[in-house]
Each structure stands twice: as structure tokens, then as C-alpha cells.
Number of protein chains: 2
Amino acid sequence: MDIKDIAKLAGVSTKTVQRVLNDSQHVKKETREHIQHIMSEHNYYPNVSARRLAKKKTQTLGLFIVQDPKKDNIYADDFFYSSVISQMITSAGDRGYKMLVTTTSVEDASPILKLYREKSIDAGMIISWSDIQETVDKILDYGYPVGVFDQNNLPERMEKVPVPELLNKESAFEATRHLISLGHQLIGIIAGEATNQAALERLEGYTSAMARAGLEAGPYYHGTFVEASGEEAVRSWISEETLPTAIFCSNDEIAVGALKALKQHDISVPDQVSLMGFDNIKITEYTTPTLSTMHVPRVEMADHLVEQMISQAEGSESVKKKYFTASLIERGSTAGPRRKKDSSD
Amino acid sequence: MDIKDIAKLAGVSTKTVQRVLNDSQHVKKETREHIQHIMSEHNYYPNVSARRLAKKKTQTLGLFIVQDPKKDNIYADDFFYSSVISQMITSAGDRGYKMLVTTTSVEDASPILKLYREKSIDAGMIISWSDIQETVDKILDYGYPVGVFDQNNLPERMEKVPVPELLNKESAFEATRHLISLGHQLIGIIAGEATNQAALERLEGYTSAMARAGLEAGPYYHGTFVEASGEEAVRSWISEETLPTAIFCSNDEIAVGALKALKQHDISVPDQVSLMGFDNIKITEYTTPTLSTMHVPRVEMADHLVEQMISQAEGSESVKKKYFTASLIERGSTAGPRRKKDSSD
DNA sequence: AACTTTATTGAAAGCGATAACATAATCGGC
DNA sequence: GCCGATTATGTTATCGCTTTCAATAAAGTT
């Protein structure tokens with residue numbers, strides 16, 4: 001049952017049938033209705049492959065989830081990106097686009113390029129924990145549209161690559177300001193990797209908030225965005241006896257690690273130490289105490305990226321930059337300094 | 001740059017080029033290499049849409065994530081299914097299949113059927129929290145291959161629909177046995193919805209383990225697979241003074257709820273009450289104490305389903321049933337009864 | 001009523017692969 | 001050195017939709 005059959009049955013040309021399919025003008029109302037009737041009666045659906053071939057458009061976006069060699073699973077147990085991914089799929093669907101999802105490794109960009117070249121997708125988006133500048137460059141060299149959802153910024157050729165941007169500095173400022181407003185004076189920070197732009201910006205935000213409040217910067221720990229860093233930071237501060245009364249953790253995983261280490265040393269959160277996270281991943285609601293954090297509007301960011309990619313797929317050249325800000329979520333891990341005195345110090 | 005251009009450049013017919021593309025026999029080594037050389041030099045990739053049209057196969061699977069009307073997000077923050085989904089994508093990719101992922105509502109099956117009818121996919125899989133018998137039936141009526149990943153069993157026409165099955169009864173037996181072996185005698189169960197086959201089977205497993213050990217069944221709470229049920233169960237038992245020394249929670253979410261309620265009443269886990277979950281979702285590692293649970297091999301189950309669907313897509317009619325068993329994971333929420341006596345009773 | 005417009009419809013040539021069928025070249029075996 | 005059996009290669013129709021260009025019908029103008 002193809003378009004010709006329908007045309008024959010309706011006593012019109014295929015062109016006319018095609019006109020009603022594409023909901024276009026220039027078809028008499030009666031003709032349209034007649035054809036529509038026949039189509040639904042015979043349960044006709046146009047063949048997508050044929051249409052794609054003729055139109056040279058796929059109405060499909062590619063989503064490339066880059067496997068981090070250091071993690072064994074992909075986004076499976078990642079609390080941040082899973083909601084991003086699900087939103088992207090929904091956003092694309094809402095706009096009439098299909099989403100082809102693939103998992104790939106960082107080293108080999110060829111499976112990604114293949115999808116573009118064999119015309120399986122009109123545009124693609126990369127979600128990654130690692131540096132993918134090289135892959136992005138290759139895609140751009142071929143002239144295909146690509147966007148990135150990543151918290152590590154891509155410094156080069158950004159003007160062509162949509163990347164929803166979080167105002168890390170402003171958001172970290174706000175997080176720190178919250179701790180300050182609770183009355184803390186000695187506030188430390190556990191920062192993420194120095195190669196990561198977001199980590200640096202969050203550090204800046206902290207620094208400027210402290211400066212603005214006339215406070216001296218507290219102890220600083222240079223770690224990475226993982227639990228272990230939080231644990232290490234706390235342990236080293238305890239052994240050096242420089243543990244502050246409040247800690248701004250550059251992301252929630254670090255905060256979870258810090259919380260673990262504090263518990264092990266029987267230091268109460270938030271009574272003795274307040275903990276502030278960043279990202280608002282799901283587990284922050286399950287720890288004891290629950291973690292105060294900065295909510296990153298990742299759903300909105302994902303939606304915006306999809307929108308950008310579709311408009312590029314449809315020919316637009318411009319990239320509309322949009323900036324997002326994280327919002328404060330107060331939970332159980334932050335309070336004023338030294339509410340109780342259970343132990344020494 | 002299409003197959004004709006390559007053929008012309010290589011001085012052969014398109015058929016010959018097509019032969020080397022499809023890696024087929026009957027091509028002289030020199031010819032093959034010559035053609036391959038030209039292809040890579042000109043960066044040629046066969047157009048997938050054209051191939052699909054001609055072959056009438058898409059080499060693509062559909063993944064339908066059915067939105068639960070009761071939950072606001074899709075699989076985003078679902079700890080169980082996110083790893084299933086990611087594994088499915090990877091498994092399909094490993095077998096040379098693409099994965100088209102869509103989110104849909106339960107009420108309207110038409111977007112799913114559309115994908116089949118317009119020939120966007122060869123086979124599909126449904127992930128759902130709700131009952132989807134109707135949708136599955138419709139798909140089967142049209143004769144398309146469909147598989148399901150769901151913990152609610154589908155009683156009808158199962159012989160045609162691959163569904164990786166967990167041996168719930170056996171696994172629940174094992175969970176209960178674990179509590180018994182720790183020395184507990186008074187063991188309660190918080191069960192999931194009675195309409196859910198998995199919930200019933202887990203209940204059976206519990207019952208038979210108790211019987212086998214010569215123990216009387218403990219208090220029973222009929223709830224649903226959500227945190228709130230765990231909380232309610234514990235509260236009602238406390239007020240009735242029937243709180244057992246160990247509780248088998250039919251899934252981890254219930255266990256998390258139970259843990260919350262116990263904490264609120266200052267009842268120590270596992271010192272006063274042991275808690276056993278089921279599923280092994282990620283948060284079980286983040287609660288205090290961490291939750292003992294039964295690990296459901298969902299990654300293996302997902303892989304098996306994908307394998308089944310691909311073989312159906314390629315013409316196989318038979319459904320190979322495979323059964324999976326959950327395995328015990330001991331964490332911090334289970335211990336022998338009454339190790340300490342902190343409070344009364 | 002003759003003449004523009006404008007709205008509807010159609011014929012046929014692609015789009016870029018696949019595949020059935022036919023044909024030419026090569027290779028042993030005796 | 002001839003013949004059947006393989007092995008290589010080519011011709012061409014087809015998959016089902018889109019699209020350019022042209023043609024016809026209906027409606028509006030003065």
C-alpha cells in the first residue's frame with residue numbers, strides 16, 4: 001500500500017495525494033477529505049525511508065553519549081545526565097523529531113561521523129564527561145551541525161556550537177552567600193579539577209563572595225568532581241586541624257564524600273559543619289542529613305539545546321547563546337555555625 | 001557522491017561496488033581493494049535511507065519509554081530503569097542496530113504504531129511502569145515484533161512477546177532466608193500492589209521461606225512500590241506495637257521509606273530492626289545505614305531482550321524464555337536481632 | 001465578454017541504494 | 001586444448017516518495 005495505490009483508489013495523481021500528506025495548500029476541500037478518508041480506511045502511512053531519500057532530510061537528531069573510560073557504566077548511574085537525556089528525547093519528540101541514541105567511546109569519533117555521512121541524522125548532540133574538542137572539530141570540518149552538553153567548556157569554535165551555559169560564577173557566589181548569611185565566617189571550598197572551566201568559575205564565585213563579605217578565604221582543597229575528593233579534603237583538614245565551620249563543595253558528589261568523612265569522624269552535619277553542594281542530583285535527598293545544594297536547571301538547558309539543534313538542522317546558521325543560573329535549595333546540611341557543642345573544640 | 005560515482009571512478013558497475021560494500025563474495029581481490037581505496041579516498045558512505053528503502057529493513061530498534069501519569073518525570077530519576085535503557089542502547093549498537101528512543105504516554109499507542117507503520121523501525125521494546133497490555137495487543141495485531149521490559153507481568157499472548165523474567169519467588173525466598181539465617185524469628189513484609197504479579201510472587205517467596213524455616217508469618221502490610229508505603233507500614237506497626245525485628249521490603253523504595261520512618265521514631269537500623277530491600281537501585285548505597293538488598297541483574301536482562309528483538313526483527317518466530325535470579329547483597333541494614341539494647345523492649 | 005489572476009491538478013524525472021537475471025572470465029581435469 | 005564448473009562482473013527494473021514544470025479550471029476585473 002503506497003502512495004500510488006492511494007492515488008489510484010482516489011482517482012487522482014500521486015502529487016495530489018502527496019499534497020494532502022504534507023498538509024499543503026492548493027487542494028480542494030472535497031478532494032482532500034476524499035483522499036484522507038481513503039488513507040485512513042486503508043491505514044496508509046507514508047514510508048519514512050522513501051521520504052528521507054527524496055527530501056534529503058531525516059527529521060532525526062543524534063544523541064551521542066560518550067563513555068567515560070574511567071567509569072564503567074555510561075549514563076546509567078549518573079545522576080546528573082540521566083534527566084538531561086530523558087528531557088532531550090522528549091523535547092525532540094515534541095518538535096516532531098526522532099532521536100537516535102548511541103553510546104560511543106572518546107577515542108573513536110568515526111561511529112559518530114558515520115551517522116552524519118550516511119545521512120542517518122540531520123544534527124547531533126554530544127553528552128560527555130571527557131574532552132571532546134577533537135571530535136567536535138572533526139564534525140565541524142565536515143560541516144555538520146553539532147551541539148554539546150557538558151560542564152567542561154569548549155573554548156574553541158564555540159560560536160558555531162550550541163552549548164547551554166550555566167553561570168557558574170554567579171551560582172557559586174549565591175551558594176557561598178548562603179553560607180555567609182547563616183553566620184559562617186570560616187568557609188572552605190573543595191574545588192573540582194583545575195582543567196575544568198566550570199570548576200574554576202565556581203571557585204571564582206566563592207572567592208568573590210568571600211571578598212564581598214569582607215571575609216578571608218577559608219581552606220582550599222584542589223580535588224576532582226568525585227566523592228573521593230570530598231573525603232580526602234575533609235580528612236586532610238581534620239588532620240591539619242583546619243576544618244572550617246562550613247564547606248562549599250563544588251558539586252554534590254564531593255559533598256557526599258565530605259559527608260561520609262565527617263560522619264566517620266563523628267562530626268555532626270550541620271551542627272558542627274555545614275555542607276553545601278552543587279548540581280542538585282537525586283541522592284542529595286537521600287543522604288542523612290539531606291544536602292543543601294544549588295539546583296542546576298538541566299531540564300531547561302537540555303530543552304534549549306534541542307531547540308537550537310533543530311533550528312540548525314533546518315538551516316539556521318546562528319547560535320543563540322542563553323545563560324542559566326542555578327538556584328538555592330536549602331536542605332538539612334546547612335545551618336548556622338556551632339549550634340550545639342557535642343564534642344571538643 | 002553516490003554509488004554511481006564510485007562505480008564510474010573505479011571503472012566498474014554499481015553492482016560490483018555494491019558487492020564490496022556489503023562485504024560479499026565474488027569480487028576479485030584487486031578489484032575490491034581498488035574500489036575500497038576509491039571509496040575511502042572520496043569519503044564515500046552509502047546513504048542509509050536509500051538502502052532502507054531498497055532493503056525494506058531499517059536495522060533500527062524502537063525503544064518506547066512509557067510515561068507514568070503518576071510520575072512527573074520519565075525515567076530520568078528512576079534508578080531502576082535508567083541502567084536498563086543505557087544497556088539496551090549499547091547492546092543494540094554492539095549488534096549493529098540503531099536505537100530510536102521515544103517517550104510516550106500510556107493512553108495513546110498511536111505514536112508507537114506510527115513508527116512501525118511508516119517503517120522507521122524493525123522491532124520495538126516497551127519500558128513501562130503501567131499496564132500496557134492494550135498497546136502490546138495492537139502492535140501484535142499488526143504483526144510487528146515487540147518486547148517488554150516490565151516488572152508487571154503480561155499474562156496474555158506472552159508466547160509471542162519476549163519479556164525477560166525474574167524469578168521473583170526464588171529471589172524473595174533467598175532474601176527472607178538471609179534474614180532468618182541472621183537469627184530473626186519475627187519477620188514482617190511490606191508488599192507491593194496486589195495487582196502486580198511480581199509483588200505477589202515476592203510475597204509467596206517470603207511466605208514459603210518462613211514456612212520452610214518453621215516460622216510463623218510476621219506482620220504483613222499491603223502497600224505499593226513507593227516510599228510512602230514503607231513509611232506507612234512502619235508507622236502503623238509501631239502504633240499497633242507489632243513492629244517485627246526484621247522487615248522484608250518488596251523493593252528498595254519501600255525500604256527507603258521504612259528507614260525514614262524508623263529513624264523518625266529513633267529506632268536504630270540494624271540494631272533494633274533489620275531492613276532488607278529488593279532491586280539494588282543506586283540510592284541503597286547512599287542511605288545511612290546502607291541498605292541490604294537483592295540485586296536484580298537488569299543489565300543482563302536488558303541485553304537478553306535486545307538480542308531477542310533483533311532475532312525477531314530478522315525473521316525468527318520463536319521466543320527463547322530465559323529466567324533470571326536476583327542475588328543477595330549484604331550491606332549495613334541487616335544484622336542479627338537485638339544486638340544492643342538502647343531503648344525499651 | 002475578453003483577459004488576468006489564482007487555485008487545483010498531473011506527468012515524469014529524480015533520490016541512492018538493492019537484486020533478479022544474464023553474461024563474461026577463469027580454472028581444473030583429462 | 002576442449003568442456004563444464006566456478007568465479008567475476010554488468011544491465012536494469014524497483015523501492016516509495018518528492019519535486020520541477022506545465023496544464024487546466026475557477027474566479028475576479030473592467
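Proteins get letters first, then strands, A, B, ... in listed order; numbering begins at 1 in each. Everything quoted here is computed from the prediction, not taken from an experiment.
Between the side chains of A:S13 and A:T16, at least one donor-acceptor pair of N or O atoms lies under 3.5 Å. Side-chain contact, B:S91 with B:Q87: a donor N or O sits under 3.5 Å from an acceptor N or O.
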Exercise. What string of B, S and - do you get for nucleotides 12-21 of chain D, 5' to 3', if B is base contact, S is sugar-phosphate-only contact and - is no contact with any protein heavy atom under 4.0 Å?
Worked result: B--BBBSB--
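Atom CE of B:M39 and atom C1' of C:dA17 are 14 Å apart (whole Å). As rounded to whole Å, 13 Å separates atom C1' of C:dC27 from atom NZ of B:K28. Protein atom NE2 of A:H26 is 13 Å distant from nucleotide atom C1' of C:dT5, rounded to whole Å. In this structure, CZ of B:R52 is placed 13 Å from P of C:dT18, rounded to the nearest angstrom. B:I35 places its CD1 atom 13 Å from the P atom of D:dA8, with the value rounded to the nearest Å. Between A:R32 atom CZ and C:dT9 atom C1' there is a gap of 14 Å when expressed in whole angstrom units.
At a threshold of 4.0 Å, the pair A:E314-A:R95 does not count as salt-bridged, since none of the basic side-chain nitrogens sits closer than that to a carboxylate oxygen.
Once rounded to the nearest 0.5 Å, the distance linking CD of A:E118 with OH of B:Y44 reads 10.5 Å.
For A:S13 and C:dG10, the shortest distance from a side-chain N or O to OP1 or OP2 is below 4.0 Å. A:T31 has no side-chain polar atom (N or O) that falls below the 4.0 Å cut-off from OP1 or OP2 of C:dT8.
The heavy-atom pair separating B:L100 from A:K98 by the smallest distance is CD2-CD, 3.6 Å.
Ring geometry for A:F64 against A:Y116 counts as tilted: the plane angle lies between 30° and 60°, on a 0 to 90° scale.
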